[in-house]
Colleague: 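Pasting in a structure now, in structure tokens, and then I'll have a few things to ask.
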Amino acid sequence: GMEGGELDWAIAFAKGNETRASRDLEANHYQTFGRQEPFANLVGPVKPRGDMTGLIVRGGYNGFSYADISEIVGIRKASIHHHFPSKVDLVRELVKRYREDGEASIVTLEQNVPVALDILNVYANHWAKCIEDASRPYCVCALLASELPSLPPEVATEVTNFFRFISSWLTKVMERGSKSGALNLTSEPHVEAEAFLATVYGAMLSARAYGEPEVFSTILVPALARL
């Protein structure tokens with residue numbers, strides 16, 4: 001496995017295109033998402049922001065090099081190669097950590113929001129706020145998924161694992177919601193999960209294409225209303 005210092009390199013490599021929002025995530029939370037959303041009170045301590053994926057979101061897997069990282073972070077390329085011999089190693093670890101952070105966030109969400117429809121609303125509103133304040137305007141795994149045929153197999157596998165994780169979680173939410181009566185599904189839970197996931201990421205793409213953050217909510221509001 002990798003040592004803690006090596007993980008730091010994975011987090012730091014996209015530093016140059018990081019959001020200007022506060023690195024104090026507690027303050028940032030209450031200034032953005034937590035300002036008006038229900039169930040938004042934080043539970044437990046909040047660590048500083050990580051997963052600075054800006055270079056990938058801006059240019060994709062092939063849109064950055066170790067020279068870019070060296071210039072942004074202020075370290076020699078040889079030092080980067082020492083921790084990550086290849087870009088494959090670096091991006092694979094980044095995507096893996098991105099998924100693990102998502103898993104941890106969903107555990108907290110599930111603990112605090114019991115109703116299925118509320119969970120879907122909180123999830124959608126999270127992305128709406130991220131797009132609006134540019135703290136995370138696009139999912140790095142969605143960007144990499146669009147490049148999947150040209151990605152190294154090791155990276156492609158991690159990207160696919162991320163989507164399988166999100167799909168599996170949403171399927172469970174749909175199942176619970178259908179059984180409790182909180183959701184009115186017209187298809188099987190796994191189909192509804194895939195449709196909702198496609199809607200979220202399609203709306204994300206449209207907001208980026210038009211350069212208008214509000215497009216995301218314009219698409220998601222009626223999609224959620226149908227559930």
Colleague: Partners of Trp127 by side-chain hydrogen bond (donor to acceptor under 3.5 Å, both in side chains), sequence neighbours excluded?
Modeller: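 For Trp127 there are no side-chain hydrogen bond (donor to acceptor under 3.5 Å, both in side chains) partners, ignoring immediate neighbours.
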
Colleague: Side-chain contact, heavy-atom cut-off 4.5 Å: Leu120 with Leu170?
Modeller: yes

Colleague: Show the numbers, then the answer: is there a side-chain contact (heavy atoms from CB on, under 4.5 Å) between Glu103 and Ile106?
Modeller: CA-CA 5 Å; Glu103 291 170 346; Ile106 282 174; 5.9 Å; no

Colleague: Can you find a heavy atom in the side chain of Leu143 that is under 4.5 Å from one in the side chain of Arg208?
Modeller: yes

Colleague: Return each pair, listed once, that meets ring pair (Phe, Tyr, Trp, His ring centres under 6.0 Å) where at least one residue sits in residues 187-227; pairs must be two or more places apart or across chains.
Modeller: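 Matches after skipping sequence neighbours: Phe163-Tyr201.
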
Colleague: Heavy atoms only: give me the nearest Val88-Val155 pair and the separation to one decimal.
Modeller: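 Residues Val88 and Val155, closest heavy atoms: O-CG2, 3.9 Å.
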
Colleague: Do you know the tightest heavy-atom contact between Asn112 and Thr108?
Modeller: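 Nearest pair, atom of Asn112 first, then Thr108: ND2-O, 2.7 Å.
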
Colleague: Within a strict 4.5 Å, meaning less than it, do heavy atoms of the Tyr123 and Val113 side chains meet?
Modeller: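 Tyr123 does not reach Val113 side chain to side chain.
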
Colleague: Which heavy-atom pair separates Leu183 from Val173 by the least distance, and what is that distance?
Modeller: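 Looking at all heavy atoms of both residues, the closest pair is CD1-O, 4.0 Å.
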
Colleague: How far apart are the closest heavy atoms of Leu220 and Thr199, and which atoms are they?
Modeller: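 Smallest heavy-atom distance, with atoms named: CD2-O, 3.9 Å.
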
Colleague: For residues 157-169, pull every pair meeting salt bridge (charged side-chain N to carboxylate O under 4.0 Å, His left out), keeping only residues two or more places apart or in separate chains.
Modeller: Arg99-Glu158

Colleague: About how many Å separate CG of Leu117 and CE of Met174, when rounded to the nearest 0.5 Å?
Modeller: 9.5 Å

Colleague: To the nearest 0.5 Å, tell me how far Leu148 CG sits from Thr160 OG1.
Modeller: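 Nearest 0.5 Å value for the CG-OG1 distance: 5.0 Å.
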
Colleague: So how far is it from Ser217 OG to Glu212 CD, rounded to the nearest 0.5 Å?
Modeller: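 Separation between the atoms: 12.5 Å.
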
Colleague: Checking Glu175 now: which residues fulfil side-chain hydrogen bond (donor to acceptor under 3.5 Å, both in side chains) with it, not counting sequence neighbours?
Modeller: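 Listed in chain order: nothing, the list is empty.
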
Colleague: List the residues meeting salt bridge (charged side-chain N to carboxylate O under 4.0 Å, His left out) with Glu100, not counting sequence neighbours, and say none if there are none.
Modeller: Lys96

Colleague: Taking the side chain as everything from C-beta on, heavy atoms only, tell me whether Val200 gets closer than 4.5 Å to Ile219.
Modeller: no

Colleague: Would you please say whether a donor-acceptor pair under 3.5 Å links the side chains of Glu192 and Thr171?
Modeller: no

Colleague: Nearest 0.5 Å please: distance from the CG atom of Leu224 over to the CG atom of Asn121.
Modeller: 4.5 Å

Colleague: Output every pair passing salt bridge (charged side-chain N to carboxylate O under 4.0 Å, His left out) with a member in residues 107-117, not counting sequence neighbours, ordered by first then second residue.
Modeller: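 Checked against salt bridge (charged side-chain N to carboxylate O under 4.0 Å, His left out) - neighbours excluded - the pairs reaching residues 107-117 are Glu110-Arg176.
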
Colleague: State which residues pass side chain to side chain contact (heavy atoms under 4.5 Å, CB included) with Thr157; sequence neighbours excluded, sorted by chain then number.
Modeller: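 Thr157 satisfies side chain to side chain contact (heavy atoms under 4.5 Å, CB included) with Asn161 once adjacent residues are dropped.
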
Colleague: Only counting residues at least two apart or in another chain, list the ones meeting side chain to side chain contact (heavy atoms under 4.5 Å, CB included) with Leu205.
Modeller: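 Side chain to side chain contact (heavy atoms under 4.5 Å, CB included) list for Leu205, sorted by chain: Tyr138.
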
Colleague: Without swapping roles, check the side chain of Ser168 against the backbone of Phe165 for a donor-acceptor pair under 3.5 Å.
Modeller: no

Colleague: Suppose we screen for side-chain hydrogen bond (donor to acceptor under 3.5 Å, both in side chains). Which residues come up paired with Glu214, at least two apart in sequence or across chains?
Modeller: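 With sequence neighbours excluded, Glu214 shows a side-chain hydrogen bond (donor to acceptor under 3.5 Å, both in side chains) to no residue whatsoever.
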
Colleague: So do the side chains of Val140 and Val95 get within less than 4.5 Å of each other, counting heavy atoms only?
Modeller: no

Colleague: Mind telling me whether Phe162 and Tyr98 have parallel, tilted or perpendicular rings, with 30° and 60° as the class edges?
Modeller: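 The arrangement is tilted - the two ring planes meet at 30° to 60°.
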
Colleague: How many angstroms lie between atom CG of Leu109 and atom CD of Gln111, to the nearest 0.5 angstrom?
Modeller: 9.5 Å

Colleague: Could you list the residues that satisfy side-chain hydrogen bond (donor to acceptor under 3.5 Å, both in side chains) with Ser167, not counting sequence neighbours?
Modeller: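 side-chain hydrogen bond (donor to acceptor under 3.5 Å, both in side chains) list for Ser167, sorted by chain: Glu194.
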
Colleague: What's the shortest heavy-atom distance between Ala182 and Val115, and which atoms?
Modeller: CB-CG1, 4.0 Å

